[in-house]
Peer 1: 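Have a look at this one before I ask anything.
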Amino acid sequence: MESDKLMAFLEGKRILILGVASKLSIATGIARAMHRQGAELAFTYQNERLGKRVADVAEATGSKLLFPCDVASDEQIGQLFEELGKSWGGLDGLVHCLAYAPADELDGNFVDVVTREGFRTAHEISSYSLAALARAARPMMQGRNASVLTLSYLGALRSLPNYNVMGLAKASLEANVRYLAANLGGAPWEIRVNAISAGPIRTLAASGVKNFRKMLDCNARQTPLGRNVTIDEIGNAAAFLCSELASGISGEILYVDGGFNTTAMGQLSD
Ligand code: NAD
Ligand code: 0WE
């Protein structure tokens, strides 16, 4: 117990987490890891349907701060920080763990299924929202070595079946990280902005995807670690990036994928 205490590296930090939808969410793994490191947490939920499950995760991580926020709404983004400001004077971390494209955009050849409307929605929810949230949070995050973190995927850089317009939105999200890092790094803001590019994990968002089981098996076999990563492993890397241990890191995309992105030809099977 004593040694746990010595190791806690988010003690005294207040961190807002967006994107919990279930106990399997990557945001849930991040919340648990940050809680273990002594952070104080607040959460948002997209709608009332998800509110109960977010409340369970909040309770398990010692938090009573829950706010609605659908990132499609400028009003809800503004309201979120107005309400959060009533409990917390400052904010040390913002964790953006959400993405959305209409389901029919993620099934078939990109060139056949992409639409103007699906493209707009995917980019608005999955990338634009990071800039909108960072701008709204900026006054609360100013001058305290705060950090913004988002979640990306290798489909930003490589094409793969069915990921389609989400790949374009993740490419935009990664550029978004670099521009926000450039704008918010210096005085008076001193805010770091980074992304974790996670390997595939079975979550609610993934369960809607055709053949996801097959993809997970194929991915595990081609990964240097020989297995897929867990939400707790993403959580530990996220806790590090939002801590003083990462004070020199900004504009970075950190791969937490068991090494998958570093290989070619995978493993030869006989
Ligand atoms: P998840 O379904 O648990 O979480 C997705 C979240 O997005 C949900 O909480 C949902 O409420 C939220 N969301 C969607 N539209 C929203 C909106 N308009 N307003 C507010 N919230 C909204 O799935 P997950 O896999 O944990 O996804 C979290 C992040 O991780 C996403 O950015 C995803 O792209 C990324 N990611 C996932 C994987 C994977 O394989 N699961 C791999 C790499 C990156
Ligand atoms: O970013 C993601 C998932 C993003 C996602 C998933 C859905 C499914 C349900 C965004 N929008 C929706 N909309 C829905 O209606 N991942 C990295 C996980 C993922 O999703 C894939 C993948 C992988 C990996 C979709 C196709 C191919 C691979």
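First listed ligand is number 1; within each ligand, the first listed atom is number 1.
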Peer 1: Looking at Pro161, which atoms of ligand 2 are within less than 4.0 Å of one of its heavy atoms?
Peer 2: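 In order of numbering, the contacting atoms are 27 (C).
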Peer 1: Assess whether a salt bridge exists between Arg221 and Asp217, defined as any Lys/Arg side-chain N lying under 4.0 Å from an Asp/Glu carboxylate O.
Peer 2: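 Answer for the salt bridge query: no.
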Peer 1: Side-chain contact test, heavy atoms from C-beta onward, threshold under 4.5 Å: evaluate it for Leu133 versus Ile77 and give yes or no.
Peer 2: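 SC-SC contact between Leu133 and Ile77 confirmed.
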Peer 1: Contact residues of ligand 1 with a heavy-atom cut-off of under 4.0 Å?
Peer 2: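 Within 4.0 Å of ligand 1, the protein residues are Gly19, Val20, Ala21, Ser25, Ile26, Gln46, Leu50, Cys69, Asp70, Val71, Cys97, Leu98, Ala99, Tyr100, Ile125, Leu151, Ser152, Tyr153, Lys170, Ala198, Gly199, Pro200, Ile201, Thr203, Leu204, Ala205, Phe212.
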Peer 1: Whether the Thr115 and Glu105 side chains hold a donor-acceptor pair (N or O, under 3.5 Å, no angle test) is what I'd like checked.
Peer 2: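 Note: Thr115 and Glu105 side chains meet the donor-acceptor criterion.
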Peer 1: Give a yes or no on whether Arg227 atom CZ has more than 12 heavy-atom contacts from other residues, nucleotides or ligands under 6.0 Å away.
Peer 2: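 Result for CZ/Arg227: enclosed.
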Peer 1: Side-chain contact, heavy-atom cut-off 4.5 Å: Leu84 with Phe67?
Peer 2: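 In contact.
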Peer 1: With heavy-atom distances below 4.5 Å as the criterion, would you say the side chains of Asp257 and Thr223 are in contact?
Peer 2: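 Not in contact.
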Peer 1: Are Asn236 and Arg36 linked by a side-chain donor-acceptor pair shorter than 3.5 Å?
Peer 2: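 Their side chains do contain a donor-acceptor pair, which is all the 3.5 Å distance test asks for.
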Peer 1: Can you sort out which atoms of ligand 2 are near Phe212, meaning under 4.0 Å from one of its heavy atoms?
Peer 2: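 Numbered from 1, ligand 2 contributes 19 (C), 23 (C), 24 (C).
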Peer 1: Any idea which protein heavy atom is nearest atom 28 (C) of ligand 2, and the distance to it?
Peer 2: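 Scanning the protein heavy atoms, the shortest distance from atom 28 (C) of ligand 2 goes to Met215 CE, 3.4 Å.
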Peer 1: Within a distance under 4.0 Å of any heavy atom of Tyr100, pick out the atoms of ligand 2 and give their elements.
Peer 2: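 Those of ligand 2 that fall under 4.0 Å from Tyr100 are 10 (C), 11 (N), 13 (N), 15 (O).
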Peer 1: Is a side-chain donor-acceptor pair under 3.5 Å present for Asp70 with Asn47?
Peer 2: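 The criterion, which ignores hydrogens and geometry beyond distance, is not satisfied for Asp70 and Asn47.
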Peer 1: For ligand 2, which atoms, with element, lie under 4.0 Å from some heavy atom of Ala103?
Peer 2: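 Per the distance check, 15 (O).
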Peer 1: Closest non-hydrogen protein atom to atom 21 (C) of ligand 2, residue and atom name please, with distance?
Peer 2: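 Checked against all protein heavy atoms, atom 21 (C) of ligand 2 sits closest to Tyr163 CD1, 3.4 Å.
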Peer 1: The criterion is salt bridge (Lys or Arg N to Asp or Glu O under 4.0 Å); which residues satisfy it with Glu244, sequence neighbours excluded?
Peer 2: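 Glu244: salt bridge (Lys or Arg N to Asp or Glu O under 4.0 Å) contacts with Lys13.
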Peer 1: Please state which protein non-hydrogen atom is closest to atom 14 (C) of ligand 2 and give its distance, to 0.1 Å?
Peer 2: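 Checked against all protein heavy atoms, atom 14 (C) of ligand 2 sits closest to Ala101 O, 3.6 Å.
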Peer 1: Around atom 3 (C) of ligand 2, find the nearest protein heavy atom and jot down its residue, atom name and distance.
Peer 2: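 Here the closest protein heavy atom is Ala205 CB, 4.2 Å.
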Peer 1: Measuring only between side-chain heavy atoms, which start at C-beta, is Leu130 closer than 4.5 Å to His96?
Peer 2: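 Yes - at least one pair of side-chain heavy atoms lies under 4.5 Å apart.
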